[in-house]
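So that the names make sense, note that chain A is the first sequence line, chain B the second, and so on, each numbered from 1.
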2 protein chains.
Amino acid sequence: MADTGAPGGETLLFLTDEQLRKGIEAMFFAYRGFTADPDRILDQHDYGRAHHRAIHFINREPGLTVTTLISVLGVTKQSLNRVLRTLIDDGLVESRVGRRDKRERHLYLTEKGAVLERELSEAQRVRMRAAYRAAGPQAVAGFRQVLEAMMDPAMRRHYQMLKDGA
Amino acid sequence: MADTGAPGGETLLFLTDEQLRKGIEAMFFAYRGFTADPDRILDQHDYGRAHHRAIHFINREPGLTVTTLISVLGVTKQSLNRVLRTLIDDGLVESRVGRRDKRERHLYLTEKGAVLERELSEAQRVRMRAAYRAAGPQAVAGFRQVLEAMMDPAMRRHYQMLKDGA
DNA sequence: TTGGAAAGTCAACAAGGCTGACATAAAGTC
DNA sequence: GACTTTATGTCAGCCTTGTTGACTTTCCAA
């Protein structure tokens, strides 16, 4: 498919179906790379991607409640619970009863949990760093802009909230 | 975590752990948006994401063999076969015996398959288009550069091959 | 002619989504 | 104080989609 013939061909070239398709495929292939390194580590520990995600956000926002984590991850409580249960039983995550509201459970990584978190995130950062370095600062800015625009509003809110520090 | 104190602080700011983490989270949240619209359509048709992926690449490269598709998708033949079986039985995909090598099966979308493909990819393009438009051409270029750098070499080869037209 | 590649299939299993139902404790409301 | 709502946990069952392993058929190529 060639240019749509829309006015300003050059500047709108990036909106052709062909360009969009390339973006779609880039997302698909890149996401595979994105998860590949942590996946290998998780395998060794008998954990899955779901554990990684929980660990990531508990580390990011220590003391967050179960409800918040459910909302960030976009899964059901039953689904999260299964994962959380093993992490707590294995001593990677601690669940503390809320002080103000005793119904709430606040989640924290234990030292053991923090160790795994660092291992996972460092592996992921290595690849990210290489990609950033290869592409350069301008590209990185664009990368983030497009990704942000691609998020659902609810997800963008979570992202923004985490964005500028806890 | 502040600047590493490395030389050229400003230009290397995008390589801090904090910046890398934001990129990681952006990937996570954006990928959810990326798959959300097709997922809704697939639900209605009683298909899953795996079917979408197969349909996408068969459309992209009509006549590709099962082995190639397995390699592109990065799954086992048993896994692909289950998905492919339903698509063939439902009349969305046609499997033709190879002319030169009769062991090979070449995959094509039927008209019915092409209809669903267009529905799915159009939904995905709508979001992509909006994101591209919001971010602008420069950002899009950067987006693609970073994603490309993030891929595993084997995946990048597939991407490149598809990149410049079939 | 024989070895190996491409494909298909069967069986079994696991991770991680989901829904529905039900239980408990703690808050909040009237 | 009784009632309702919220947060959490848990049991049971289902689905998709990934895995491994075994075995078969077809057929190209050395």
Side-chain angles (χ1 to χ4, degrees), chain A residues 28 31-32 35-36 38-58 63-90 93-108, chain B residues 28 31-32 35-36 38-58 63-90 93-108:
Chain A
F28 171 70
Y31 199 78
R32 295 261 295 279
T35 54
D39 279 356
R40 270 188 290 273
I41 294 167
L42 289 159
D43 261 1
Q44 296 167 8
H45 294 258
D46 272 302
Y47 291 127
R49 229 176 258 182
H51 300 88
H52 183 189
R53 293 196 281 258
I55 288 171
H56 174 94
F57 288 108
I58 295 171
L64 91 176
T65 64
V66 172
T67 306
T68 304
L69 187 51
I70 283 169
S71 164
V72 169
L73 296 177
V75 297
T76 59
K77 68 171 174 174
Q78 293 92 328
S79 201
L80 175 60
N81 199 254
R82 182 165 35 197
V83 164
L84 217 44
R85 189 75 268 136
T86 72
L87 291 175
I88 292 170
D89 289 351
D90 294 354
V93 168
E94 194 190 344
S95 168
R96 295 187 206 152
V97 173
R99 261 207 297 259
R100 282 185 321 218
D101 188 333
K102 291 180 188 168
R103 290 170 306 179
E104 293 178 343
R105 298 301 140 91
H106 298 270
L107 304 170
Y108 300 87
Chain B
F28 172 69
Y31 199 77
R32 294 261 296 279
T35 55
D39 279 356
R40 270 187 290 273
I41 295 167
L42 290 159
D43 261 2
Q44 297 167 8
H45 294 259
D46 272 303
Y47 291 127
R49 229 175 258 183
H51 300 89
H52 184 189
R53 293 197 280 258
I55 287 172
H56 175 93
F57 287 108
I58 294 171
L64 90 176
T65 64
V66 172
T67 304
T68 305
L69 188 52
I70 283 169
S71 165
V72 169
L73 296 176
V75 297
T76 59
K77 67 172 172 171
Q78 293 91 329
S79 199
L80 174 60
N81 199 255
R82 182 166 32 198
V83 163
L84 219 42
R85 189 76 264 136
T86 73
L87 291 175
I88 292 169
D89 288 350
D90 294 353
V93 169
E94 195 191 343
S95 169
R96 296 188 206 152
V97 172
R99 259 206 298 259
R100 283 182 323 218
D101 188 334
K102 292 182 187 166
R103 290 170 306 179
E104 293 179 343
R105 299 302 140 92
H106 298 270
L107 304 170
Y108 299 87

Colleague: Parallel, tilted or perpendicular: which describes the rings of B:Phe57 and A:Phe28, with under 30° parallel and over 60° perpendicular?
Modeller: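 Because their plane-to-plane angle lies in the 30° to 60° range, the rings of B:Phe57 and A:Phe28 count as tilted.
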Colleague: Starting at atom CD1 of B:Ile88, determine the distance to atom C1' of C:dG8, rounded to an integer number of angstrom.
Modeller: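 Between C1' of C:dG8 and CD1 of B:Ile88: 10 Å.
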Colleague: Give the B/S/- string for nucleotides 11-23 of chain C, one per nucleotide from 5' to 3', where a protein heavy atom under 4.0 Å of the base yields B, of only the sugar-phosphate yields S, and otherwise -.
Modeller: -----BBBBBB--
Colleague: Figure out the CZ/C1' separation between A:Arg105 and C:dA26, and round it to whole Å.
Modeller: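 Going from CZ in A:Arg105 over to C1' in C:dA26 covers 10 Å.
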Colleague: Between A:Arg103 and C:dT24, is there a contact of a side-chain N or O with OP1 or OP2 at under 4.0 Å?
Modeller: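 For A:Arg103, the contact criterion (side-chain N or O under 4.0 Å from OP1 or OP2 of C:dT24) is not met.
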Colleague: In whole Å, I'd like the distance from the CD1 atom of B:Ile70 to the P atom of D:dT19.
Modeller: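 Taking atom P of D:dT19 as the reference, CD1 of B:Ile70 is at 10 Å.
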Colleague: If you compare all heavy atoms of B:Arg32 against all heavy atoms of A:Val72, which two are closest, and at what distance to 0.1 Å?
Modeller: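 B:Arg32 and A:Val72 have their closest heavy atoms at NH1-O, 3.6 Å.
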Colleague: Let me confirm one number: the CD-CD1 distance from B:Gln78 to B:Ile70, rounded to the nearest 0.5 Å.
Modeller: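 The CD atom of B:Gln78 sits 8.0 Å away from the CD1 atom of B:Ile70.
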Colleague: Counting just side-chain N and O atoms, does B:Arg100 come under 4.0 Å of either OP1 or OP2 of D:dC28?
Modeller: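 Checking B:Arg100 against D:dC28: no side-chain N or O falls below 4.0 Å of OP1 or OP2.
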Colleague: Roughly, in whole Å, what's the span from CG in A:Leu84 to C1' in D:dT10?
Modeller: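 Distance check: A:Leu84 CG to D:dT10 C1' gives 13 Å.
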Colleague: Please report the distance, rounded to the nearest Å, between CG in B:Asn81 and C1' in D:dT17.
Modeller: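 Computing the B:Asn81:CG to D:dT17:C1' distance gives 13 Å.
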Colleague: Would A:Arg105 and A:Thr65 satisfy side-chain contact (heavy atoms from CB on, under 4.5 Å), going step by step from the backbone distance to the final call?
Modeller: CA-CA 5 Å; A:Arg105 298 301 140 91; A:Thr65 64; over 6 Å; no
Colleague: Do A:Lys77 and A:Val66 make a side-chain contact, defined as non-hydrogen atoms from C-beta onward lying under 4.5 Å apart?
Modeller: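 Side chain of A:Lys77 against side chain of A:Val66, heavy atoms only: no contact under 4.5 Å found.
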Colleague: Rounded off to whole Å, could you give me the CG-to-P distance for the B:Leu69 and C:dA6 pair?
Modeller: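 One finds 14 Å between P of C:dA6 and CG of B:Leu69, rounded.
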Colleague: In whole Å, what is the span from the CG atom of B:Leu87 to the C1' atom of D:dT16?
Modeller: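 To the nearest whole Å, that distance equals 14 Å.
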Colleague: Angle between ring planes, B:Tyr47 versus B:His45, binned at 30° and 60°: parallel, tilted or perpendicular?
Modeller: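 It falls in the parallel class, under 30°.
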Colleague: Figure out the CG/P separation between B:Asp39 and D:dT16, and round it to whole Å.
Modeller: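 Going from B:Asp39 (CG) to D:dT16 (P), I get 13 Å.
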